[in-house]
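Numbers for residues simply follow the sequence, beginning at 1.
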Amino acid sequence: MARDPDMSLADVQWVLGPAHLSTTQLYLTPLTEDVIAEVLAHHARRSAAVSTATTVQNNGSSAPTYRPEALNILFGEGTA
């Protein structure tokens, strides 16, 4: 029941009977395969987003660029 996306955790709590929702959450131990799949999907989305942002920002080149004012601050130039 706890893995059913169409069933709320509050409904699972009502069926199982614990007084606190935090107790019901103990039943939500994820499967190792599910965690691995979600982490891989997360990294794939992040990689795609970074790749797209870098390409757009750099007019099609794959080398990252930095804002000149950020580099000036980093190297202590132009600070009072």
Side-chain angles (χ1 to χ4, degrees):
M1 284 187 301
R3 294 185 198 281
D4 185 345
D6 294 327
M7 189 162 193
S8 74
L9 191 55
D11 291 340
V12 175
Q13 176 188 8
W14 187 85
V15 171
L16 296 177
H20 300 284
L21 195 57
S22 60
T23 304
T24 306
Q25 289 174 325
L26 297 174
Y27 296 101
L28 297 179
T29 304
L31 298 174
T32 302
E33 305 84 46
D34 292 343
V35 173
I36 292 170
E38 290 297 325
V39 168
L40 290 173
H42 166 76
H43 286 295
R45 287 190 305 272
R46 294 270 309 180
S47 179
V50 168
S51 176
T52 301
T54 301
T55 301
V56 169
Q57 181 182 16
N58 296 319
N59 298 320
S61 74
S62 60
T65 60
Y66 301 94
R67 293 184 3 226
E69 62 272 18
L71 292 174
N72 289 341
I73 292 171
L74 179 64
F75 293 112
E77 299 171 10
T79 58

Just list the side-chain donor-acceptor pairs under 3.5 Å for residues 31-39, sequence neighbours left out, or say none.
none

**Study point:** Under the side chain to side chain contact (heavy atoms under 4.5 Å, CB included) test, residues paired with Arg45 that sit two or more places apart
**Key:** Ala41, His42
Contacts under 3.5 angstrom, residues 4-22 side chains, donor-acceptor by atom type, not counting sequence neighbours:
unit_1 : atom_1 : unit_2 : atom_2 : d
Asp4   : OD1    : Asp6   : N      : 2.8
Ser8   : OG     : Asp11  : N      : 3.1
Ser8   : OG     : Asp11  : OD2    : 3.2
Gln13  : NE2    : Pro18  : O      : 3.3
Gln13  : NE2    : Ala19  : O      : 3.3

Review point. In Å and rounded to the nearest 0.5 Å, what is the CZ to CD1 distance from Arg67 to Ile73?
Key: 7.5 Å
